[in-house]
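So the structure is just underneath, and the comments pick up after that.
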Amino acid sequence: MVYSLLAAPSLLLLAVLPVFGQDCPAIPSLASYNNTVLPDLFTFLNGQKVLTLADWACRREEISTLLQQDELGILPDPPESMTSHFSGNTLTITATQGGNTITFSPTITYPTTGTAPFPALIGMGGISIPSPAGVAIINFNNEQMAAQDTAASRGLGLFFDLYGSDASAGAMMAWAWAVRLIMDALEQNPAARINTARVGVSGCSRNGKGALVAGAFEPRLVLTIPQESGSGGTDSWRISDFILSTGILTQTASEIVQENVWLSSNFDQFANTSVDKLPFDHHSLGALVAPRGLFVIDNLGYDWLGPFSSFGAMVSARTAWTAMGVTDFMGISQAANHTHCIFPSTQQPQLNAFINKFLFDQSTDTDIVETAGNYTFEVPDAQWAPWSVPTFTE
Ligand SMILES: *[C@@H]1O[C@H](CO)[C@@H](O)[C@H](O)[C@H]1NC(C)=O
Ligand SMILES: *[C@@H]1O[C@H](CO)[C@@H](O)[C@H](O)[C@H]1NC(C)=O
Ligand SMILES: *[C@@H]1O[C@H](CO)[C@@H](O)[C@H](O)[C@H]1NC(C)=O
Ligand SMILES: *[C@@H]1O[C@H](CO)[C@@H](O)[C@H](O)[C@H]1NC(C)=O
């Protein structure tokens with residue numbers, strides 16, 4: 001097994017190249033979708049099977065489009081103008097659109113070991129994993145970009161100053177848009193001494209939800225580490241609804257849209273009626289990260305986080321990596337109860353394996369699916385994922 005990302009050029013191309021729309025099946029009307037199980041990752045909405053890497057590029061586009069339309073809101077095109085400069089430890093990024101201008105300033109904490117240009121992790125509201133040796137941390141103030149205080153936060157923050165308070169994007173998509181600008185700014189500023197081919201993203205809890213969305217929508221990120229992200233992050237809407245129905249208090253779609261503004265208001269219609277009408281679930285969101293690195297960190301101690309929902313969704317997502325022949329580029333680790341967002345030392349070796357593979361290009365064993373719970377879940381799963389996994393041909 002060759003572990004280097006660079007040794008998988010066709011997979012990397014898949015991750016970064018846009019799709020030519022005319023080669024892909026049209027995305028049909030969603031009105032009739034109604035399914036209790038996690039939608040088959042490997043079947044287009046029109047029923048056609050996904051058999052090749054080229055098919056997957058189209059399916060990925062379909063999933064991305066539907067997630068934007070129905071749940072996360074639209075990721076805008078790059079702004080009309082964007083400038084950046086680096087000074088001290090601060091990247092200053094200015095974007096202009098339609099006569100409006102915003103400026104935001106991520107700061108970089110440099111490692112005390114290693115050599116420039118450094119690999120880096122973008123911290124969605126900071127990181128809650130221990131800072132890895134030799135890795136720079138880019139501190140992104142996501143709440144300045146899009147507020148996440150309450151349901152009354154809709155449309156507040158720099159992103160909405162630029163695109164209007166009625167932009168469809170929820171807070172998480174606004175953050176993903178800003179992460180794209182941070183990557184642009186890092187590329188424009190070699191003085192920042194970041195190796196832009198070795199940048200990942202991480203965050204915990206609500207910011208873990210945001211880290212997953214950023215990883216899904218910014219293809220230059222080579223590693224995504226959502227930590228204890230729960231519903232709206234690594235959980236399945238459908239499985240979380242089921243868990244709540246068994247009497248276990250779990251965050252669900254109908255709760256989340258009343259709690260905060262992480263999602264587009266376009267999602268309310270599904271959250272208020274039935275998530276079975278969604279032609280995707282969060283295994284689909286996770287699968288957008290493939291074939292890049294994804295390491296999902298969970299904590300079994302909090303029912304609210306829906307750890308079984310995360311396990312089912314992420315084991316299902318992992319089939320996208322399996323279809324590409326790189327199953328081990330995606331890992332899942334669920335630790336026993338500990339304080340929320342305090343990273344337990346038991347997960348450190350697994351975290352190191354992912355950091356070393358994706359940020360340092362080392363050959364490490366990242367074939368990790370572990371839970372301290374007594375869950376079993378494999379695809380096909382009769383209740384949740386009754387579909388089979390192809391091996392993509394080129
Ligand atoms: C969705 O399917 C269920 C059966 O699985 C049915 O009870 C329900 O009425 C359907 N909903 C819609 C909107 O078609
Ligand atoms: C969803 O339900 C909430 C709370 O009852 C309500 O405020 C909102 O208008 C509803 N939205 C839609 C699209 O049905
Ligand atoms: C989980 O751990 C936290 C922190 O130690 C503790 O407050 C909480 O009671 C624990 N929960 C359970 C279900 O044991
Ligand atoms: C293990 O499974 C049993 C029922 O099968 C359940 O009651 C128990 O809570 C589970 N334990 C954990 C840690 O998930």
Side-chain angles (χ1 to χ4, degrees), residues 28-40 45 47 66-74 128-129 149-156 165-171 173 204-205 208 227-232 235-281 297-311 333-347 371-375 381-387:
S29 158
L30 310 177
S32 61
Y33 201 88
N34 182 22
N35 206 330
T36 56
V37 302
L38 306 186
D40 182 349
L45 276 191
L66 296 168
L67 271 163
Q68 290 182 67
Q69 282 176 6
D70 299 333
E71 184 188 314
L72 297 165
I74 304 299
S128 298
I129 52 174
D149 297 323
T150 66
S153 301
R154 172 106 27 225
L156 300 180
S165 59
D166 59 350
S168 72
M173 191 54 96
C204 193
S205 199
Q227 182 182 6
E228 301 184 47
S229 64
S231 284
D235 288 6
S236 152
W237 299 121
R238 288 169 173 84
I239 302 178
S240 292
D241 274 2
F242 170 79
I243 294 173
L244 180 65
S245 77
T246 69
I248 299 173
L249 195 57
T250 300
Q251 185 169 41
T252 60
S254 60
E255 189 282 337
I256 211 168
V257 297
Q258 298 189 46
E259 179 187 337
N260 218 306
V261 294
W262 296 304
L263 307 164
S264 173
S265 51
N266 291 342
F267 187 58
D268 291 356
Q269 58 187 305
F270 301 97
N272 282 5
T273 56
S274 172
V275 296
D276 294 348
K277 294 192 214 163
L278 293 168
F280 51 78
D281 205 317
I297 299 170
D298 277 324
N299 177 354
L300 289 172
Y302 296 81
D303 289 345
W304 189 248
L305 292 174
F308 175 70
S309 182
S310 178
F311 195 69
S333 176
Q334 301 199 305
N337 184 38
H338 55 86
T339 305
H340 187 45
C341 292
I342 301 297
F343 184 76
S345 59
T346 52
Q347 286 173 316
T371 177
N374 50 15
Y375 311 141
D381 175 88
Q383 184 177 3
W384 294 114
W387 29 271

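Atoms within each ligand, like the ligands themselves, are counted from 1 in listed order. Only this structure's heavy atoms are used, side chains among them; waters, hydrogens and symmetry mates stay out.
The line from OG of Ser310 to CG of Asp235 is 5.0 Å long, rounded to the nearest 0.5 Å. A distance of 12.0 Å separates OH in Tyr33 from CG in Asp70, rounded to the nearest 0.5 Å.
Polar contact check, Thr36 against ligand 1: no nitrogen or oxygen pair lies under 3.5 Å apart. For ligand 2, the polar-atom distance check against Gln258 finds no nitrogen or oxygen pair separated by under 3.5 Å.
Note on ring orientation: taking the six-membered ring where Trp is involved, the planes of His340 and Tyr302 are tilted (angle from 30° to 60°).
Of the listed residues (Gln334, Gln347, Gln227), just one forms a side-chain contact (heavy atoms from CB on, under 4.5 Å) with Asp298, and that residue is Gln334.
Between Phe308 and Trp384, the gap from one ring centroid to the other reaches at least 6.0 Å.
For ligand 2, the atoms closer than 4.0 angstrom to any heavy atom of Asp268 are 11 (N), 13 (C). The ligand atoms of ligand 3 that sit less than 4.0 angstrom from a heavy atom of Asn337 are 1 (C), 2 (O), 3 (C), 8 (C), 10 (C), 11 (N), 12 (C), 14 (O).
For the pair Arg238/Leu38, a side-chain contact is recorded, criterion being any heavy-atom separation below 4.5 Å from C-beta on.
Among all protein heavy atoms, the one lying closest to atom 13 (C) of ligand 3 is Gly301 O, 3.8 Å. Closest protein heavy atom to atom 14 (O) of ligand 1: Asn34 ND2, 3.2 Å. At the shortest separation from atom 2 (O) of ligand 2 among protein heavy atoms lies Asn272 ND2, 2.4 Å.
Across all their heavy atoms, Asn260 and Thr150 have their closest contact at OD1-O, 3.7 Å.
Protein non-hydrogen atoms do reach within 4.0 Å of atom 5 (O) of ligand 3. When distances from atom 11 (N) of ligand 2 to the protein are checked, a heavy atom turns up under 4.0 Å.
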